[in-house]
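Here's the structure we're looking at; comments come further down.
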Amino acid sequence: MAKKETKAELRARVDQVLAALDREYGTEYICYLNHETPWQLLIAVILSAQCTDARVNMVTADLFKKYDSVEKFAKADANELEKDIHSLGFFRMKAKNIISCCQDLMERFGGEVPKTIEELTSLAGVGRKTANVILGNIYNEPSIVVDTHVKRISKKLGFAKSEDPEKIEYELMKILPRDHWILWNIQIITLGRSICFARRPKCGECFLKDLCPSAQKTIS
DNA sequence: CTCCCGATAT
DNA sequence: ATATCAGGAG
């Protein structure tokens, strides 16, 4: 049994992990959900709950042509919207939330996507994860997005211990430098999609294997 | 806590 | 057959 990692050792390992992520994936703020406007990203993220981004993109390609404004979504027929997004799962709830959300955007925010976590999470279908994606990706406001990948991989790396996404958000805020918060989301999702799968992670060929407690266990 | 829910990979 | 997917509401 190895000695328990000290705080100084943990900090050093965090720095090494961040450097390795930057080397491997770069430092560009990319987005896997196709969109041209803030409101399109908001809807795409709502649709992405428990569903891969690739499938969301298949639907939004046509969806954003049919509903080309917030107002169109606000006035959409629920049954018709349900059919339009059926393949993504949770289609009844998502359709209802998107219509309600866009009505709220029209009535309370002049059709614009708000810029604070409180205003964003007051919208139907928008929780902390979705709100933080908007803050980071659209408004360049440092924020931690705790989705399934960030939760799983942050815990494997020993950077978070909680099961609660909001608590993990605060754990990561303490340990990650503020200027790397937005990048963390993007880089970890990229890692989760290509190497660190939920099912059979490819620890043997992971560039973080020497820095990851979970990989050390799996390999040896 | 449960429920929402289809598509895909294994 | 089962686990998983850029979660959120009641």
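Order of the sequence lines fixes the chain letters, A, B, ..., with proteins taken first and strands second; residue numbering starts at 1 for each chain. All values derive from a computational prediction rather than experimental measurement.
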Quiz prompt | Phosphate OP1/OP2 of dC5(C) contacted by S48(A) side-chain N/O (<4.0 Å) | solution = no
Exercise. Send over the distance from E169(A) CD to dA6(C) C1', rounded to a whole Å.
Key: 14 Å
Exercise. For V133(A), answer base if it contacts any base atom (sugar-phosphate contacts may also be present), sugar-phosphate if it contacts only those atoms, and nothing otherwise; contact means non-hydrogen atoms under 4.0 Å.
Key: base
Self-check item: Residue whose nearest DNA chain C nucleotide is more 5′ - N97(A) or N137(A)
Solution: N137(A)
Quiz item: Measuring from I138(A):CD1 to W39(A):CH2, what's the distance to the nearest 0.5 Å?
Solution: 12.0 Å
Self-check item: Nearest-angstrom distance, P atom, dA6(C) to dC4(B)
Solution: 22 Å
Quiz prompt | E36(A) backbone acceptor or donor facing Q40(A) side chain under 3.5 Å | solution = yes
Quiz prompt | Separation of atom CG in L47(A) from atom P in dA7(B), rounded to whole Å | solution = 15 Å
Quiz prompt | Value rounded to 0.5 Å, distance of OG in S154(A) from CD1 in I168(A) | solution = 7.0 Å
Quiz item: In whole angstroms, how far is the P atom of dG7(C) from the CG atom of N185(A)?
Solution: 12 Å
Quiz item: K94(A) NZ to dA7(B) C1': how many Å, rounded?
Solution: 11 Å
Quiz item: For dC5(C), does OP1 or OP2 lie under 4.0 Å from any side-chain N or O of T148(A)?
Solution: yes
Quiz prompt | Ion pair E169(A)/K129(A), N-O distance below 4.0 Å | solution = no
Practice problem: Quick one: label V126(A) by what it contacts on the DNA or RNA (base, sugar-phosphate, nothing), any heavy atom closer than 4.0 Å. | Solution: sugar-phosphate
Quiz item: What integer distance in Å separates I99(A):CD1 from dA9(C):P?
Solution: 16 Å
Self-check item: C1' atoms of dC5(B) and dT2(C), separation to the nearest Å
Solution: 15 Å
Exercise. May I have the distance from K96(A) (atom NZ) to dA9(C) (atom C1'), rounded to whole angstrom?
Key: 9 Å
Exercise. Check every atom of dA6(C), dC5(B), dC5(C) against the side chain of L33(A) and return the nucleotide holding the closest atom.
Key: dA6(C)
Quiz item: Can you check the Q40(A) CD to dA6(C) C1' distance for me, whole Å?
Solution: 17 Å
Self-check item: salt_bridge(E71(A), K75(A)) N-O dist < 4.0 Å
Solution: yes
Exercise answer: donor-acceptor pairs, residues 81-93 of chain A side-chain atoms, under 3.5 Å, sequence neighbours excluded:
| unit_1 | atom_1 | unit_2 | atom_2 | d |
| --- | --- | --- | --- | --- |
| D84(A) | OD1 | K66(A) | NZ | 3.2 |
| D84(A) | OD2 | K66(A) | NZ | 3.0 |
| D84(A) | OD2 | Y67(A) | OH | 2.7 |

Quiz item: Of T52(A) and L123(A), whose nearest nucleotide on DNA chain C comes first from the 5' end?
Solution: T52(A)
Self-check item: Stacking of F90(A) on dG7(C) base (centres under 5.5 Å, planes under 30°)
Solution: yes
Self-check item: Side chain of A198(A) - closest among dG8(C), dC5(C), dA6(C)
Solution: dC5(C)
Self-check item: Separation of atom CZ in F197(A) from atom C1' in dC5(C), rounded to whole Å
Solution: 13 Å
Exercise. Walk me through it: do L63(A) and L47(A) pass the test side-chain contact (heavy atoms from CB on, under 4.5 Å)?
Key: CA-CA 11 Å; L63(A) 192 71; L47(A) 288 172; 3.9 Å; yes
Polar atoms only, N or O, under 3.5 Å: list the protein pairs with nucleotides 8-10 of chain B and their distances.
| unit_1 | atom_1 | unit_2 | atom_2 | d |
| --- | --- | --- | --- | --- |
| dA9(B) | N3 | R199(A) | NH2 | 3.2 |

Self-check item: Residue C31(A), side-chain heavy atoms: nucleotide from dA6(C), dC5(C), dC4(B) that is nearest
Solution: dA6(C)
Exercise. State whether the number of non-hydrogen atoms from other residues, nucleotides or ligands found under 6.0 Å of K96(A) atom NZ is greater than 12.
Key: no
Quiz item: Which part of the nucleic acid, if any, lies within contact of F91(A), taking any heavy atom under 4.0 Å across all strands shown: a base, the sugar-phosphate backbone alone, or nothing?
Solution: sugar-phosphate
